[in-house]
Amino acid sequence: MSNKVYTCNRRHFIRTSATFAAAAAVPSCRPDAGDPPIHFEVHGPEDGLPLFLGFPLFASYATIFGAEQGSVKEAFLSRLTDRYRVLLADYPNVGRTHTPPPAELTPDRVYSDLLSVADAAGFDRFAYCGHLWGAVNGLLLASRSDRVSALICGTWPPLGAPYADMLRGVELQLAEPPPHAMVILRDPAQYAQWHTFYMGMQDWDEEAALAAIACPRLALIGSEAESAVAGIPLRLTERVREARPALEGMGWEVREIPGAVTGAILDAEVMVPEIRRFLG
């Protein structure tokens, strides 16, 4: 089994080597001049099935949230790396990544950046699992590329999603970002990246996008999951339930985890069995 740490940018690699405590090689890739790097890690056997774990899991999880929270990342890896080659990235603008500027975090940029990370990791086709914003990223990847072999859209309704509510909530908080956001952001101005992103999602044609996804796909949510932005309830579980007949008609599997709240997305004991069941 190999655990590798990388710093990535777009399109091509300049491979270098360094020695860490684990004696792992550290390649890096730098694409366009002046484009800051995206930090990522790959864990698991070289011949493992490629699995991209998106937001809210990060490569530098312990650095971002503190050493005590580092066990969250390790709990997922310890339960997955027997079979899967797991890719984790610090994205966007978290941990060891410093890209892109807030005004550039468009859906197109996110799509391009995440595929660039997959390229750099040597992932041609890969399963993808993300929750909340990470789930939106998965929808972008799976609907616009044939490289996603299986999609887990976690804690987010693939159909009837609250993109307008997200934009409105972000606008209300631009002047004073909430404390939970500042845990991962470097400065308050960075919060504007979410305004850029959700502005770009207002014309998102959900039905057309979902019709373009051909890989196996799972909408996964806790039966008690809920979230809000600036006091605006997002009704996540309710929206998934409302969309369930249409989603199943389009070939989605819809799965509620009994009793699970939103925080369960970081509980490997809850989430990994669902991941393995679906991908297995």
Side-chain angles (χ1 to χ4, degrees), residues 43-44 51-62 64-84 86-91 94-95 127-139 141-142 150-162 165-166 169 178-181 183-184 194 216-229 231-244 247-248 252-280:
H43 299 264
L51 170 60
F52 195 153
L53 289 183
F55 182 98
L57 292 172
F58 304 109
S60 302
Y61 201 89
I64 296 166
F65 296 104
E68 290 184 3
Q69 294 299 316
S71 60
V72 170
K73 168 185 160 184
E74 299 309 318
F76 277 85
L77 292 176
S78 67
R79 290 168 170 81
L80 288 167
T81 50
D82 62 319
R83 176 174 174 80
Y84 298 97
V86 180
L87 170 60
L88 296 165
D90 288 350
Y91 190 81
V94 296
Y128 179 92
C129 175
H131 293 266
L132 300 169
W133 186 70
V136 183
N137 296 173
L139 291 169
L141 291 170
L151 170 65
I152 300 177
C153 179
T155 322
W156 188 260
L159 193 62
D165 290 338
M166 289 299 303
H180 70 265
V183 171
I184 66 172
W194 306 121
R217 46 221 182 267
L218 169 67
L220 178 67
I221 195 164
S223 66
E224 307 302 321
E226 192 45 84
S227 187
V229 57
I232 302 171
L234 300 179
R235 302 190 302 109
L236 299 177
T237 302
E238 183 180 349
R239 289 175 185 270
V240 171
R241 288 171 180 166
E242 291 170 352
R244 182 169 195 155
L247 289 171
E248 291 178 339
W252 284 74
E253 178 184 345
V254 180
R255 161 80 173 146
E256 276 192 31
I257 306 174
V261 298
T262 307
I265 63 178
L266 295 175
D267 188 339
E269 291 187 4
V270 174
M271 289 298 156
V272 170
E274 299 291 342
I275 295 172
R276 296 187 70 117
R277 178 196 63 80
F278 180 68
L279 300 181

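It should be emphasised that the depicted structure is a prediction, and the values quoted were computed from it without experimental measurement.
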May I ask you to decide if the ring planes of Phe65 and Tyr61 are parallel, tilted or perpendicular, using 30° and 60° as cut-offs?
tilted
Could you tell me how the ring of Trp133 sits relative to the ring of Tyr91: parallel (under 30°), tilted (30 to 60°) or perpendicular (over 60°)?
parallel
So which atom in [X] and which in [Y] form the shortest heavy-atom distance, rounded to 0.1 Å?
{"X": "Tyr128", "Y": "Asn137", "result": "OH-CB, 3.5 Å"}
{"X": "His131", "Y": "Ile265", "result": "ND1-CG2, 3.2 Å"}
{"X": "Gly231", "Y": "Ala228", "result": "C-CB, 4.4 Å"}
{"X": "Asp165", "Y": "Arg239", "result": "OD2-NH2, 3.1 Å"}
{"X": "Thr155", "Y": "Leu236", "result": "O-CD1, 3.7 Å"}
{"X": "Trp252", "Y": "Ala219", "result": "CE3-N, 3.6 Å"}

Point-to-point distance, once rounded to the nearest 0.5 Å, from [atom1] of [X] to [atom2] of [Y]:
{"X": "Ile152", "Y": "Glu253", "atom1": "CD1", "atom2": "CD", "value": "9.5 Å"}
{"X": "Leu57", "Y": "Met271", "atom1": "CG", "atom2": "CE", "value": "10.5 Å"}
{"X": "Arg79", "Y": "Ile275", "atom1": "CZ", "atom2": "CD1", "value": "11.0 Å"}
{"X": "Asp82", "Y": "Leu77", "atom1": "CG", "atom2": "CG", "value": "11.5 Å"}
{"X": "Arg244", "Y": "Glu256", "atom1": "CZ", "atom2": "CD", "value": "6.5 Å"}
{"X": "Cys129", "Y": "Phe76", "atom1": "SG", "atom2": "CZ", "value": "7.5 Å"}

Donor-acceptor contact present, side-chain [X] to main-chain [Y], <3.5 Å:
{"X": "Thr237", "Y": "Gly222", "result": "yes"}
{"X": "Glu226", "Y": "Arg235", "result": "yes"}
{"X": "Arg255", "Y": "Leu218", "result": "no"}

Check step by step if side-chain contact (heavy atoms from CB on, under 4.5 Å) holds for Met166 and Leu234.
CA-CA 8 Å; Met166 289 299 303; Leu234 300 179; 3.6 Å; yes
Going by heavy atoms in the side chains, are Pro162 and Pro233 under 4.5 Å from each other?
no
Given side chains that start at C-beta, do those of Leu80 and His43 come closer than 4.5 Å, heavy atoms only?
no
Begin from the C-alpha positions of Leu139 and Leu151 and carry the test side-chain contact (heavy atoms from CB on, under 4.5 Å) through to its verdict.
CA-CA 8 Å; Leu139 291 169; Leu151 170 65; 4.1 Å; yes
Quick one, Glu238 with Arg241, criterion salt bridge (Lys or Arg N to Asp or Glu O under 4.0 Å). Give me CA distance, side-chain angles, the key distance, then yes/no.
CA-CA 5 Å; Glu238 183 180 349; Arg241 288 171 180 166; over 6 Å; no
